[in-house]
Amino acid sequence: MNRKTLQASTVAAAALLSLAAAGCTDLTTEPKSTITDANIFNDQNSYRALLAKLYAGLAVTGQRGQFGQPDITFPDEGFTQYVRLLWEMEELPTDEAVIAWGGDAGLTELNTQSWGTNNVFPQMMYYRIFFQVPIANEFLRQTTDAKLASRGVGSALRDTIKTYRAEARFLRALSYWHAIDLFGNVPLVTEADQPGAAPPKQATRSEIYAFVVSELLAIKPDLPQVGPNSYGRATAPAADMLLAKLYLNAGVYTGTPNYAGALTSAQAVINSGFYSLDPNYHRMFLADNNTSPEIIFAVTQDGLRTQGYGCVTFLVHASVGDGAPAYGIAGGWYGLRLKPQAAAFYPSGDVRNAYFDSTGRTPAVSVMTNWGQGILAPKYQNVKSNGQPGSDNTFVDTDYPMFRLAEAHLIYAEAHLRGGGGTDSLALAYVNALRQRAYGGTTGNITLPQLTLPFVLAERGRELLWEGHRRTDLVRYGMFTGSGYLYGWKGGTELGIATLPKYDLYPLPATELVANPNLKQNPGY
Amino acid sequence: MSVRRDGSSRCAPSDAWGKVPSVAVAWRLSQESFLRGLPALTDLKLRASWGKTGNQNFANYQQYSTYVVGDASSAVQFGNQFVSTIRPSAVDRNIKWEETRSYDVGLDFGFLRQRFSGAIDWYNKKTTDLIFTVPIAAGTNFSNVLTTNIGSMKNSGIELSLDAQLLKPVGTGLSWTADITGSHNTNRLLSINPFGGSTQQILVGGIAGVGQTIQVLEPGQPVNSFLVYRQNYQNGRPVEGSYLDENGDTIPRASLNVGNRRVYHDPAPKWMLSQSSYMTYRNFDFSFTLRAWLGNYVYNNVASNNGYYQQLARSSPYNLSTSVLQTGFVTNQQLSDIYVEDGSFVRLDNLKFGYSFKYRGQTIYLFAAAQNVFTITGYSGVDPTAGLNGIDNNIYPRARTVTGGLTVRF
């Protein structure tokens, strides 16, 4: 190669290199093959899919059925499921349920109201709630009018998205209700708070109560209509039920009860005409309970398509030991039994406890971890009302009835008795409607003098056994902690002893107090 | 001396570019007039360097919230249809390079015509904008953990290496060369400030057994230090559930909380030593490698998770860890410092004998080798190097392999 060619080729090489170099300095190109918030909404189905995630946050544990891509990071994914945690926190410390699994750290302390700030169950529930809320906030941020206009979304889809926005706000309100019911003063994070911001300030129970109530009132007109497309979704009656429960417990949350509001909301649900009491009580907890006329809002499950080790899969498996196939599953988990008080809730003639299994068992539970003690209550089963099993023998088809009409009846009666208005005759009629279903006739009907507040609490126990309402009810009646009502394993002894008032609230997780210095722990912890 | 400018699309746009300069000098002492005459000294060089490097060794697209599509069995019912879900990932939109500034002073030496040679280095490194996956305040992001820049740390220490021909062969007699290395590192977290908050501790190190973390990032302490309760003993046996505070007084059980936990050792070894030898004698050869770590601590999660009698009440029978015979624990005591053990060890990593001979003009080589020959350690678990970051959840021992073979050339 002579000198000139060398020079020329060097210059050419240098030119090429510098061209290449210039092309490599732009780092802001957005990824084309990975789905990010920059391009996900180019697919207009994404809005529905993100809303579906909010519902799925109640039903499963992650992006892969069964387990594998968890929403929140804890060693056992099945433990992190929303309804499973909610149920455990609402039922195990009460007179209704006791679990035998001594090997899981923190679980036996739920049986006995002796949890500390390190207990992982309230911790996982707290992070579950604050998994739902930021995603709801993100959905709302991504569906503002401005954002939709910038993406050229047509008017038909925009109308649908209006409904979706109302549903997202409902689910956020539902989680905030669980938050104030379980934990008291938590941070209030809305769509105005971008992800990655500084740790949020703590709000008060009253502030969040006011926020939740205003949200529910605002979204009611935009929620989906009750109909074939609305099963598993939030509807106006579902919002009314949630309002009824908020108003009924307002004395606990804010110090000022609102029984009139509870009565009006419960009445609205009953008068909506969409729901009626299911003549077959047990159907509401079986694999085809999606056909029940009574369920207002359900967390849906499906053996093939909505799979997880929490929610009703947990309830069906944990309530059962040997003989699992009779309940539509392959094997039981030997966990849950009735506390002795709940075993005695039902006089004879009441069909609501027909599924109790006391073969070879006595109601007394002298050792919590002894599976052989205590009466079994396999209320939730993976068989249909015609006896056929569900579609999968591990993951159940049975949905979780979060709100159902019977509870509206009971809320009316209780709110009336507490001075919220309404009439004696209507309150009595509503309660007797439940009794008639329970007794298959009028033999169980009560008279007006029998309709007292203690009776309503007892009837709530009988009607809504193991449906995740008991702790909230006992707290409202002032009987959850303290010496007024002693029941099995309360405070750690077999017959129960008084517990400190601090246990009316779960503690804020210790890890959260470290991560967020703005938070103050609940009193007594 | 060099300067380079690097950019990474993994970082947020405002912080994507960084300058990577470095400078080094050396002084060959053995060439100086005052040392040139020494016959034994073959080489002596003093060197020093300073440099800055960037680390962007985290996953792609952390500054964007990526969406994960749910599979067909995590769908939910809308009326009569099943709808698949999408989920945004936790995002730090301002994630940036991790930067390390380091300086180093070293001495290379050689004696007796490089029969013995080696180096000693002292180094000091400061890393800022340390990247870690940490738990974050609830409600601020789409998960309970996030990969983000959290603070700064310092690493300093010395490294030694020596290559020696211990025995020089006479003809085909015994020869032995050995390489020995040793290093000592101290690590200290200097500051933490995720999101400019005022938190002084980040809890990390998740352990098996439902929830709980066992380690902490705390300024002034080594990274991933164990954060545990101080176990109370009586007559040489631990008292279950009873822990001591910094004054040595028992803490009342009802008020036990995370503030009572204290830093107690960390997983990083204080000294890492290794020795590799190669010997020959006539047609035989023999080589082996010995390795040791001193001062590393391990949290025995197998013992803490299975070492209490209440595990027998589980519905399906499960083996207990033998630690239960020493502790006598009935309930789970995962957060006790009794499970943080000294994992120092000496291990013979590999060993090989070989014999070479000629057969019909072809060279044939016979050998026998073994890996993981033995480990000497006080650690009660299966393997002191098991587990990530000093948390041992491992129940399978490391296999010892013995192989033998023949090499023939055609």
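Within every chain, numbering begins at 1; the chains are lettered A, B, ... in the order of the sequence lines, protein sequences first and strands thereafter.
Annotation: side chain of B/Phe82 is in contact with side chain of A/Thr306 (closest heavy-atom distance under 4.5 Å). Contact check for B/Val68 versus A/Gln69: side-chain heavy atoms found under the 4.5 Å cut-off. Side chains of A/Leu304 and B/Ser73 form no contact here, defined as non-hydrogen atoms less than 4.5 Å apart.
In terms of heavy-atom pairs under 4.5 Å with chain A, the best-connected choice from B/Leu203, B/Val145, B/Leu335 is B/Leu203. Ranked by heavy-atom pairs shorter than 4.5 Å toward chain B, the options A/Leu188, A/Val189, A/Asn118, A/Asn229 are led by A/Asn118. Between chain B and the residues A/Gly106, A/Pro200, A/Gly116, the most heavy-atom pairs under 4.5 angstrom are made by A/Pro200.
A donor-acceptor contact shorter than 3.5 Å is absent between the side chain of A/Thr300 and the backbone of B/Val76. Side-chain atoms of B/Asp71 come within 3.5 Å of backbone atoms of A/Gly65 as a donor-acceptor pair (strictly under, hydrogens ignored). No side-chain donor-acceptor contact under 3.5 Å links B/Gln77 to the backbone of A/Tyr231.
The shortest non-hydrogen separation linking A/Ala198 to B/Thr140 is O-CG2, 3.9 Å. Nearest heavy-atom pair across A/Ile72 and B/Ser143 is CA-OG, 4.3 Å. Nearest heavy-atom pair, A/Glu512 versus B/Ala138, reported as atom, atom and distance to 0.1 Å: OE2-N, 2.8 Å. Heavy atoms only, all atoms of each residue included: B/Ser74 and A/Gly62 are closest at CB-O, 3.7 Å. Nearest approach of A/Ala52 to B/Phe78, heavy atoms of both residues: CA-CZ, 3.9 Å. In terms of heavy atoms, A/Asp71 sits closest to B/Arg87 at OD1-NH1, 2.6 Å.
Using a 4.5 Å cut-off between heavy atoms, A/Pro507 does not touch chain B at all. In this structure, chain B has heavy atoms under 4.5 Å from both the backbone and the side chain of A/Arg64. Proximity to chain A involves both the backbone and the side chain of B/Ala75, based on heavy atoms less than 4.5 angstrom apart. In this structure, the portion of A/Tyr127 lying under 4.5 Å from any heavy atom of chain B is its side chain and not its backbone. At a 4.5 Å heavy-atom cutoff, the contact between A/Ile40 and chain B is made by side-chain atoms alone. The contact between A/Ala59 and chain B is made entirely by side chain atoms (from C-beta outward), counting heavy-atom distances below 4.5 Å. Contacts between A/Gln301 and chain B at a heavy-atom distance below 4.5 Å involve the backbone alone (N, CA, C, O). Heavy atoms closer than 4.5 Å to chain B are found nowhere in A/Thr80, neither backbone nor side chain.
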